[in-house]
Amino acid sequence: LACRSIRVDDTSRIFHLSIVKSNFYRSIQFFHYFSFLIQEMDVKLDDVIINQLVGFCNIKLNASQDPDFTKMDHSLIVAPKKSSQKIYFALLHINPCKFNLTFTYSHFQAHQERSVESSGTNVVQHVSSAIGVTIANVDNAPVSLNALYLENAFHKTSEMIRRITKHYARQILTIVYQIIGSFDIIGNPVSLVHNLGTGVHDLFYEPGKGIVQSPKEFVQGVKKGSSSFVKNFVVGVFGTASNVTRTLGKGASQLAMDEEYVQSRNALARQNPAHIGQGLWWGTKELSNGLTAGVAGIIRQPIRGATEEGVMGALQGTGRGLVGAVVKPGIGIFDFATRTAQGMKNTATLRDKTFTRIRPPRGFGPERLLMVYSLDKAIGHSILRSLDDKPFNGEWHLFHCLSGLEQDILLVSNKHLFIVGIKEQEALFKCRLTLIDEETVRTQGAVLSFSYFQNLRSWSFHEHSKRKTYEIELHSKESAEWTRNRLSRTLHIIRELNQDELSNSLTFSGHSFLFHDE
């Protein structure tokens with residue numbers, strides 16, 4: 001979910017609920033005022049998310065199949081009485097709401113053994129997947145619900161629910177048409193009409209608004225209207241073209257019968273080029289990848305099939321390779337056209353206002369627990385994830401401290417100590433925690449110093465290794481003492497458990513260290 005509120009500040013909220021209720025009347029629910037507002041937002045779904053939600057709900061629905069549930073004496077269960085309590089709204093106001101729905105079909109088959117008997121089924125499944133991918137993609141379908149405004153409404157609770165449901169049920173047919181009109185396979189004509197209509201409107205409205213003020217405002221109006229018309233025309237036309245070619249390419253990729261190729265292609269497709277130059281460059285690379293993958297598959301697929309299933313696997317692999325040699329270059333052509341159209345579309349909106357993240361993303365430890373948001377932990381997590389070295393992806397942030405000149409950051413994860421340059425945005429120094437001598441961690445004023453061993457993998461060889469000393473001036477004397485205590489405590493826990501750098505058992509939660517066996 002992503003809020004599309006025009007005012008992106010601390011005062012804007014996605015949801016707003018205002019209720020004034022009276023408890024004087026016991027026999028009815030008496031509301032003086034009830035108002036609900038939800039901001040316009042983007043809702044992006046795919047079949048994986050929906051299947052997971054359905055699977056989660058299925059756990060609840062299958063409770064009746066539990067043997068203990070069937071043995072229960074249901075005569076002891078008292079059915080709840082139907083409430084005839086009435087409800088009164090002096091004013092009920094549900095504001096209009098709008099969602100921009102995007103749905104992506106990204107089905108991948110679960111891994112299964114290939115055999116002669118199942119080979120025909122696999123082909124049918126791949127074809128059906130191709131049809132599903134082509135038809136089911138929806139891009140920014142506008143789903144709008146009109147406001148509901150009731151005064152002095154006095155009904156039973158069930159009747160009030162029926163009135164509200166009936167109000168929104170009447171709008172379902174219109175919403176269905178809007179969603180159908182936003183299918184990528186037909187180019188999302190709803191978005192095309194919207195963009196062209198906006199451009200034509202601004203082309204005449206802006207000069208008309210300016211001419212009633214002054215000649216100077218008229219000239220500015222002509223400039224604004226012409227710019228808006230060109231921009232919306234380019235966005236609408238090339239957006240439609242990119243939707244069609246992208247959907248056809250995604251559908252055709254399922255016919256290649258190569259899940260690794262499909263997944264790598266989808267990973268690249270998640271990014272959009274910023275301008276036409278980048279679009280042409282990415283399109284050329286993806287066209288080249290399609291040609292290369294098609295030729296390489298002729299050799300690679302039979303070898304893989306022979307390795308997995310012998311002679312029959314080699315024959316099936318040969319068939320998949322020949323199909324891929326035809327399909328994959330065609331997909332590359334679709335990708336080239338898609339990237340070029342996306343580049344043209346994004347060039348037109350290059351100078352538009354963009355939204356940036358308000359706060360850094362929440363950091364999770366190995367327990368994967370949802371804790372109260374901490375800006376300090378989130379900043380440290382973002383710094384650790386910004387380091388280019390992939391081996392650090394499996395680590396989590398423990399604590400960090402700013403240097404005295406505010407140019408470097410000392411950051412400690414569960415495995416390493418880093419000195420990260422703020423300007424360079426990279427690790428200027430890194431050392432495994434298992435190599436730091438706990439007894440040498442000291443402070444002198446605002447300077448923190450420690451000694452570390454070289455080229456070791458466990459504590460048992462420290463006596464035979466050379467040492468080096470590292471010093472860093474922190475922000476203050478108090479910061480240095482705080483960092484020394486935290487670092488000494490971390491090293492002590494690691495040494496007591498005789499951990500090395502391959503261990504993942506050190507965790508930090510709240511104000512204490514916890515240890516879990518893998």
Side-chain angles (χ1 to χ4, degrees), residues 1-45 49-50 53 57 60 80-103 138-182 188 190-191 193-195 197-198 201-202 205 209 352-359 373:
L1 298 179
C3 178
R4 274 202 174 187
S5 174
I6 298 176
R7 297 175 56 199
V8 183
D9 51 36
D10 293 337
T11 61
S12 62
R13 297 291 184 269
I14 297 179
F15 302 101
H16 178 78
L17 178 64
S18 179
I19 300 176
V20 180
K21 182 183 178 183
S22 173
N23 294 325
F24 181 77
Y25 305 96
R26 295 186 176 181
S27 60
I28 64 173
Q29 296 287 337
F30 193 102
F31 292 90
H32 292 282
Y33 181 75
F34 187 101
S35 175
F36 177 72
L37 168 68
I38 181 171
Q39 301 283 358
E40 179 183 355
M41 63 174 61
D42 294 339
V43 180
K44 298 186 178 182
L45 301 171
I49 295 176
I50 294 177
L53 291 175
C57 296
K60 303 291 185 180
K81 296 181 179 180
K82 295 183 178 180
S83 175
S84 60
Q85 188 179 40
K86 292 188 177 182
I87 187 170
Y88 174 78
F89 289 98
L91 177 60
L92 171 63
H93 186 201
I94 301 178
N95 290 269
C97 54
K98 181 179 180 181
F99 305 91
N100 300 296
L101 177 64
T102 298
F103 177 79
V138 177
D139 183 38
N140 283 331
V143 178
S144 301
L145 298 174
N146 296 328
L148 175 64
Y149 190 88
L150 298 176
E151 288 184 305
N152 300 318
F154 185 46
H155 300 283
K156 292 182 180 180
T157 303
S158 58
E159 177 64 19
M160 184 65 68
I161 295 175
R162 189 192 66 80
R163 287 193 64 181
I164 296 175
T165 304
K166 184 178 179 181
H167 169 76
Y168 290 108
R170 293 174 178 175
Q171 305 176 48
I172 292 179
L173 185 59
T174 303
I175 293 174
V176 170
Y177 289 148
Q178 291 174 343
I179 294 176
I180 293 176
S182 300
N188 196 346
V190 171
S191 177
V193 172
H194 172 74
N195 284 297
T198 301
H201 173 269
D202 292 346
Y205 175 76
K209 184 176 69 172
D352 288 356
K353 181 180 178 180
T354 57
F355 296 97
T356 57
R357 180 183 289 275
I358 297 177
R359 69 181 192 183
Y373 182 83

### Task
Using only heavy-atom distances, determine whether the side chains of T198 and D202 contain a donor-acceptor pair under 3.5 Å.
no
### Query
At their closest point, which heavy atom of K21 faces which heavy atom of Q29, and how far apart are they?
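So the minimum-distance heavy-atom pair works out to NZ-OE1, 2.6 Å.
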### Query
For T157 and I87, which heavy atoms make the closest approach, and how far apart are they?
CA-CG2, 4.1 Å
### Test side chain to side chain contact (heavy atoms under 4.5 Å, CB included) applied to L92 and F31, step by step
CA-CA 8 Å; L92 171 63; F31 292 90; over 6 Å; no
Do [X] and [Y] come close enough that some side-chain heavy atom pair is under 4.5 Å?
X	Y	answer
I94	Y168	yes
F103	V43	no
H16	Q39	no

### Message
side chain to side chain contact (heavy atoms under 4.5 Å, CB included) for N152 and Y88? Distances and angles first, verdict last.
### Response
CA-CA 7 Å; N152 300 318; Y88 174 78; 2.8 Å; yes
### Query
Under 6.0 Å from the OH atom of Y205, do we count more than 12 heavy atoms belonging to anything else shown?
no
Enter the distance from [X]:[atom1] to [Y]:[atom2] here, rounded to the nearest 0.5 Å.
X	Y	atom1	atom2	answer
L150	H93	CG	NE2	10.0 Å
K98	D42	NZ	CG	9.5 Å
N95	L145	CG	CG	12.0 Å
S18	F34	OG	CZ	9.5 Å
Y149	L91	OH	CG	4.5 Å
F99	I175	CZ	CD1	9.5 Å

### Query
Mind checking what makes side chain to side chain contact (heavy atoms under 4.5 Å, CB included) contact with H155, not counting sequence neighbours?
A153, E159, M160, R163
### Message
Under a 3.5 Å distance rule, please check whether N100 uses its side chain to pair with a backbone N or O of P142 as donor and acceptor.
### Response
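A pair under 3.5 Å: no.
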### Task
Evaluate the criterion side chain to side chain contact (heavy atoms under 4.5 Å, CB included) for residue pair I164 and L148; output intermediate values, then yes/no.
CA-CA 8 Å; I164 296 175; L148 175 64; 3.8 Å; yes
### Query
Can I14 and M41 be said to form a side chain to side chain contact (heavy atoms under 4.5 Å, CB included), step by step?
CA-CA 8 Å; I14 297 179; M41 63 174 61; 3.1 Å; yes
